[in-house]
Amino acid sequence: MASHYCLIVLFALPLLFSPTAGDSRCSTHEVALVRNISDLPQDSYGIPGLSHITVAGSVLHGMKEVEVWIQTFAPGSHTPIHRHPCEEVFVVLKGSGTLYLASNSHQLEYPGEPRAFTISANSTFGVRDDDVHQVWNTNDKEDMQVMIVISRPPIQVFMYQDWYTPHPNAKLKFPCYWDEECFQSQPKIEL
């Protein structure tokens, strides 16, 4: 009898942890511990030249302290000029581009002229809380792919029209594009 029970459990477990087990894409319950990145949802979310995959996230996977994303930028594509009240670490997996960073810009009335840093495969960089930044694929021949680790998800993103937009005029985007479909709770309050 016990061997029959074990066989049933062995056959049922994969069904419980598969994405087709009746859970929606937005369920944080029974998410498989090991997942194949190529099986995860990938979308541009209406942003030209972007491909975004949430590898491990708060809204999609129940993470509480960090999120991991893989983003691919077509030649010439970029993030908006933005900031968020959390830290972010990038690892460039392939391609090259430019990081524009207005460090300590939260101490001024507006971001101001950013510093430009060349980024390429195997380079990494971190962005501190509230530092205004932008990532561009400035390589006109190949895609740039980055892995991103971000703290304190889900994040509030403040987007700027340009580097001289006053901070109070930055537009809040919450939830992020990739969290909109599944976001259920109230925004977290930042002090």
Side-chain angles (χ1 to χ4, degrees), residues 42-54 57-60 65-93 95-120 123-140 142-191:
Q42 178 175 322
D43 201 327
S44 71
Y45 299 95
I47 303 169
L50 175 73
S51 172
H52 173 94
I53 299 172
T54 299
S58 65
V59 175
L60 292 176
E65 299 297 325
V66 296
E67 282 196 354
V68 179
W69 307 330
I70 293 179
Q71 292 183 338
T72 305
F73 295 87
S77 64
H78 55 85
T79 67
I81 300 168
H82 69 285
R83 69 176 169 84
H84 33 73
C86 57
E87 299 170 319
E88 187 173 26
V89 175
F90 290 77
V91 178
V92 182
L93 302 174
S96 61
T98 304
L99 162 67
Y100 295 99
L101 178 67
S103 234
N104 299 316
S105 58
H106 54 282
Q107 298 172 357
L108 306 171
E109 292 179 31
Y110 52 83
E113 195 65 35
R115 289 184 59 196
F117 299 89
T118 299
I119 55 176
S120 59
S123 63
T124 184
F125 56 93
V127 176
R128 295 178 299 178
D129 293 12
D130 287 320
D131 277 354
V132 180
H133 59 287
Q134 182 178 43
V135 176
W136 275 78
N137 179 354
T138 50
N139 181 328
D140 61 358
E142 67 177 325
D143 288 351
M144 179 179 65
Q145 187 174 61
V146 296
M147 180 175 65
I148 302 158
V149 178
I150 198 152
S151 67
R152 297 192 312 240
I155 65 169
Q156 298 173 344
V157 178
F158 296 88
M159 294 189 282
Y160 293 76
Q161 179 115 14
D162 58 39
W163 294 97
Y164 296 96
T165 299
H167 294 303
N169 293 351
K171 302 289 185 213
L172 173 63
K173 177 64 179 144
F174 185 82
C176 263
Y177 301 99
W178 32 89
D179 290 339
E180 283 178 329
E181 178 184 347
C182 300
F183 189 76
Q184 299 293 323
S185 64
Q186 294 296 315
K188 61 184 177 181
I189 304 299
E190 293 295 333
L191 300 175

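Since the structure is predicted, the reported quantities are computational estimates derived from the model, not experimental observations.
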Study note, to complete from the structure: One should read off an interatomic distance between Asn137 CG and Phe73 CZ, to the nearest 0.5 angstrom, of 8.5 Å

Check your understanding: Looking only at atom types and distance, does a side-chain atom of Gln134 sit under 3.5 Å from a main-chain N or O of Thr79, one as donor and one as acceptor?
Key -> yes

Exercise for review: To the nearest 0.5 Å, tell me how far Phe174 CZ sits from Phe158 CZ.
Suggested key: 10.0 Å

Exercise for review: Please lay out, stage by stage, how Val89 and Thr124 fare under the test side-chain contact (heavy atoms from CB on, under 4.5 Å).
Suggested key: CA-CA 7 Å; Val89 175; Thr124 184; 3.9 Å; yes

Practice item. Would you please test His82 and Val132 for side-chain contact (heavy atoms from CB on, under 4.5 Å) and show each step? Key: CA-CA 5 Å; His82 69 285; Val132 180; over 6 Å; no

**Study point:** Test side-chain contact (heavy atoms from CB on, under 4.5 Å) applied to Leu93 - qualifying residues, sequence neighbours left out
**Key:** Val91, Gln145, Met147

Check your understanding: How long is the gap from CD on Gln156 to CZ on Arg83, to the nearest 0.5 Å?
Key -> 9.5 Å

Review point. Just by distance, with hydrogens left out, do His167 and Tyr160 show a side-chain donor and acceptor under 3.5 Å apart?
Key: yes

Check your understanding: For Tyr164, which residues count as a side-chain contact (heavy atoms from CB on, under 4.5 Å) partner, sequence neighbours excluded?
Key -> Tyr110, Glu113, Asp162

Check your understanding: With side chains defined as the heavy atoms from C-beta onward, is the minimum distance between Trp136 and Tyr100 less than 4.5 Å?
Key -> yes

Exercise for review: Find out whether His84 and Asp130 are in side-chain contact, i.e. whether some heavy atom of one side chain is under 4.5 Å from a heavy atom of the other.
Suggested key: no

Review point. Taking side chain as C-beta onward, heavy atoms only, is Ser151 less than 4.5 Å from Cys86?
Key: yes

**Study point:** Test applied, side-chain contact (heavy atoms from CB on, under 4.5 Å); reference residue, Ile150; option that passes from Val127, Val66, Val68, Ile155
**Key:** Ile155

Check your understanding: Have Thr72 and Asp143 got a donor and an acceptor in their side chains that come within less than 3.5 Å?
Key -> no

Exercise for review: To the nearest 0.5 angstrom, please state how far the OG atom of Ser77 sits from the CD1 atom of Ile47.
Suggested key: 10.0 Å

Review point. Checking Thr98 side chain against Thr138 main chain: does a donor-acceptor pair fall under 3.5 Å?
Key: no

Check your understanding: If you round to the nearest 0.5 Å, how far is CG of Leu50 from CD of Gln71?
Key -> 5.0 Å

Check your understanding: Hey, are Gln42 and Ser51 close enough side-chain-wise for a donor-acceptor pair under 3.5 Å?
Key -> yes

**Study point:** Asp140 (side chain) donor-acceptor with Pro75 (main chain) under 3.5 angstrom
**Key:** no

Check your understanding: How close do Glu67 and Ser58 get, heavy atom to heavy atom, and via which atoms?
Key -> OE2-N, 2.9 Å

**Study point:** Non-hydrogen side-chain atoms of Asp43 and His52 separated by less than 4.5 Å
**Key:** no

Review point. Does the side chain of Val59 come within less than 4.5 Å of Pro175's, by heavy atoms?
Key: no

Check your understanding: When you look at Ile119 and Ser96, which way does the side-chain contact (heavy atoms from CB on, under 4.5 Å) test go after all the steps?
Key -> CA-CA 6 Å; Ile119 55 176; Ser96 61; 6.0 Å; no

Review point. If only atom types and distance count, is the side chain of His133 paired as donor or acceptor with the main-chain N or O of Asp131 below 3.5 Å?
Key: yes

Review point. Of all residues at least two apart in sequence or in a different chain, which pass the side-chain contact (heavy atoms from CB on, under 4.5 Å) check with Gln161?
Key: Thr165

Practice item. Could you grab the distance from atom CG of Leu99 to atom NE2 of His78, nearest 0.5 Å is fine? Key: 14.0 Å

Practice item. Might you work through the side-chain contact (heavy atoms from CB on, under 4.5 Å) test for Ile81 and Met159, ending with a clear yes or no? Key: CA-CA 6 Å; Ile81 300 168; Met159 294 189 282; over 6 Å; no

**Study point:** Nearest heavy atoms of Pro114 and Ala102, plus distance in Å
**Key:** CB-N, 4.2 Å

